[in-house]
Number of protein chains: 2
Amino acid sequence: MERETAEKAPTIQDVARIAQVSAATVSRALSRPERVTDATRNRVSEAVRITGYTLNQSARSLRLRAARAILVALPDIGNPFFSTVLDAIEREAARRGYGVLVANRFARDNTDALRDYFLSNRADGLLLLDGSVDAEQLAAFTRAPINLPLIVACESIPGAPFHTVITDNFYAAKQAALYLLQSGHTRIGHIKGPKGNVLSSEREAGFLAGLASASAERREDWMFTGGFSMDDGARAAKALIALKIRPTAVFAANDEAAIGFISEISRLGLKCPDDVSVMGFDDLEIAAHFQPPLTTMRQPREAVGRLAAEALIDLIEGAPGKIVPKQFVLSSELIVRKSTAPPPSLRS
Amino acid sequence: MERETAEKAPTIQDVARIAQVSAATVSRALSRPERVTDATRNRVSEAVRITGYTLNQSARSLRLRAARAILVALPDIGNPFFSTVLDAIEREAARRGYGVLVANRFARDNTDALRDYFLSNRADGLLLLDGSVDAEQLAAFTRAPINLPLIVACESIPGAPFHTVITDNFYAAKQAALYLLQSGHTRIGHIKGPKGNVLSSEREAGFLAGLASASAERREDWMFTGGFSMDDGARAAKALIALKIRPTAVFAANDEAAIGFISEISRLGLKCPDDVSVMGFDDLEIAAHFQPPLTTMRQPREAVGRLAAEALIDLIEGAPGKIVPKQFVLSSELIVRKSTAPPPSLRS
DNA sequence: AAAATCTATGCAATCGATTGCATTACTTTC
DNA sequence: GAAAGTAATGCAATCGATTGCATAGATTTT
């Protein structure tokens, strides 16, 4: 287990010997340079240069009880939505000198594993990008005696007292519905996200609120059970094709479902937007390059990641004590492209 | 800096006191259960349960000089190709009890930062998914006195003595060219990857080798300067449209460029595959759902990630000493979909 | 010039887990 | 039953950085 290196890495003692000061002074020279004289600081810098010293994080972590790392738990790194958010998190964390540990596809019932990263001093806090966890258990982690610094981002956990960074999914979905209504559509369907997912239900509710506000028709067989994957979208397409009365527009719970949907209806002979307008949600990079380019609600993914990382590190470094949970709610933006058009009835 | 927790986390000493044994015995009971009596083992287990003890990784790392974590350095997590590989890496690492630290978009000239993760005892080894680094400097890291365990995956660094896990890009690209030739195309273009990238040049060379083996025509103005992004593909599309004599098929260096290309030629009035067949490389998830579904070379991304993680951890845990660099070369697979067809001249 | 104040630095304990060596208790062998 | 061997456990040093407290020296105040 113990690694054998020909030459051991230089330690603070080595630097101290060469600079002819004590290890304590080296430590101070490096972390609070104003506390030592110029002469000492220079001697230490020189000794660091000579030895090629790098601080041993394990020793530092042990002493300070701080790992200078955060754990990011996500449901699926492979998903471009999450990987972009992760990108922003990583950037912000690096800026503030923190490492980023990733835990992918951790099971719902595996919150203990996340807690243990904290308890075992590998991470100083948790950034959770998944709302499908036991809120009660999670809340217990944030209280004494554990006091896990926690930020929930992307997906909220309703009614739970966590710091969160989310986007306003309800309002954005309502905007989407309103946009389709304003384009002249009266028969509008929705490809729902996965069951039990908070984002799904908020987007569905927002969509229905949009319909309701215009007193538009709402039919159960236009509410397609779906999911967030392309295959889910394709399944919804098959369901739509089978209908006698079809909606002229469909709002999908995310871009991937929208793409899978369009892909499948094209295969089956319908055209988008000629026969059916389709909207997505997220504005993934592919949305602009898909055929047809996808009308969608753009979520500020980078901002979500950056703010979440920022908030978590503030929490970690902040004074302990009672902190009122902060909620950041960012807005999404309507991006109109070619996958939506007025319904056939309104076209010349 | 020092975190103040109401109650400190239980330590091995606490467990020892409750189990009425020494800390040394607790340590042994946990790491090598066969070395203690059943009675002791049970008492320790019970004490662990009572206290809720979790091992402090910092202390362990300090003592053992091992972090039980690997650092994955990649050029762009946001890219679905890399994020899938990362997914596989994470899974394998977790299986073997290793944490995964990510370093994204690290600059070419910033290899020191990667080395410092190792020197500072935050990571036990480096998994590099980017070939665009200074090979000489990197090689120095793997030698004494640093002895950084290193695996280069996805992109090889030619002529450098590293363990690598790659796919056979040259052969796969040649296969792609041969497939297009066999479909009857005689005028075939190529959207090149980014300049200076190893993958780009191997795919380009393989493509040209394919053409050469069939003595097919090769024209400089059919070799589009490109890149790996959708925008790069779109630019190539504009260049193609401007040509007097156009190729009837195009092989793009990756799926994203292929998608950007198809998207742009559609916008400009050409149809795929009717006017031009297009092939990609990678088989991203979107490839199957794009319109038209994309013919492509599927890279075994999961296998690459898994093998790379496996090899790195073997290297970390293996006996130190001279190790001959191992090269894993995996094969890609032709996936035929609808974006390719025989050229117009051969169709009825 | 003595007293008080301040500054720079060193000493030594500390963080928590691991392990070589020493010790004790128990078993086997002749 | 004494000697030798073995198994289980404890003692104490160790990994490397940080920091409260002590001290020596410099500076200011009276």
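A/Glu92 contributes no side-chain N or O that, together with a main-chain N or O of A/Arg306, makes up a donor-acceptor pair within less than 3.5 Å. Of the possible polar contacts, one joining the B/Asn56 side chain to the B/Ala59 backbone as a donor-acceptor pair under 3.5 Å is found.
In this model, the phosphate group of D/dG16 is not approached by any side-chain N or O of A/Thr11 to a distance below 4.0 Å at OP1 or OP2. Between B/Thr37 and D/dT9 there is a side-chain polar atom (N or O) within less than 4.0 angstrom of OP1 or OP2. Contact annotation: A/Tyr53 does not reach the phosphate of D/dG16 (side-chain N/O to OP1 or OP2, under 4.0 Å). When the side-chain nitrogen and oxygen atoms of B/Arg35 are compared with OP1 and OP2 of D/dA7, none of them lie within a distance under 4.0 Å.
Out of D/dA17, C/dG10, C/dT19, the shortest distance to the side chain of A/Gln13 is found at D/dA17. When each of D/dT18, C/dT18, C/dC11 is scored by its nearest atom to the side-chain atoms of B/Leu55, the top-ranked nucleotide is C/dT18.
A/Val21 comes within 4.0 angstrom of sugar-phosphate atoms only, judged by non-hydrogen atoms across all strands, and of no base. A/Thr40 comes within contact range of the sugar-phosphate backbone alone, with a heavy-atom separation under 4.0 Å but no base atom that close.
Here D/dA13 presents its P atom at 20 Å from CG of B/Leu64, a figure rounded to the nearest Å. Distance CD (B/Glu34) to P (D/dT6): 18 Å, rounded to an integer number of Å. A/Arg41 places its CZ atom 10 Å from the P atom of C/dT9, with the value rounded to the nearest Å. Nucleotide C/dT14 holds its P atom 21 Å from the CG atom of A/Asn56, rounded to whole Å. Atoms CG (A/Leu119) and C1' (C/dC15) sit 16 Å apart, rounded to a whole Å. Rounded to a whole Å, the CZ atom of A/Arg65 is 13 Å from the P atom of C/dT14. Atom-to-atom, CD of A/Gln20 to P of C/dT9 comes out at 13 Å; the value is rounded to the nearest Å. Remark: C1' of C/dA17 and CG of B/Asp14 are 13 Å apart, rounded to the nearest angstrom.
The base of C/dG16 has none of its N or O atoms less than 3.5 Å from a complementary donor or acceptor on the side chain of A/Arg63. Taking 3.5 Å as the limit, the base of D/dG10 and the side chain of B/Arg28 contain a donor-acceptor pair of atoms between them.
At a threshold of 4.5 Å between non-hydrogen side-chain atoms, the residues A/Phe141 and A/Asp112 count as touching.
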Walk me through whether A/Thr37 and A/Thr40 qualify under side chain to side chain donor-acceptor pair (under 3.5 Å). CA-CA 5 Å; A/Thr37 58; A/Thr40 309; 2.7 Å; yes
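The residue among B/Leu62 and B/Thr25 whose nearest nucleotide of DNA chain C is located toward the 5' end is B/Leu62. Residue order along DNA chain D, read from the 5' end via each residue's closest nucleotide, puts B/Val36 first among B/Val36 and B/Ala59.
For the atom pair CG (A/Leu126) and CG (A/Leu114), the distance works out to 5.5 Å, reported to the nearest 0.5 Å.
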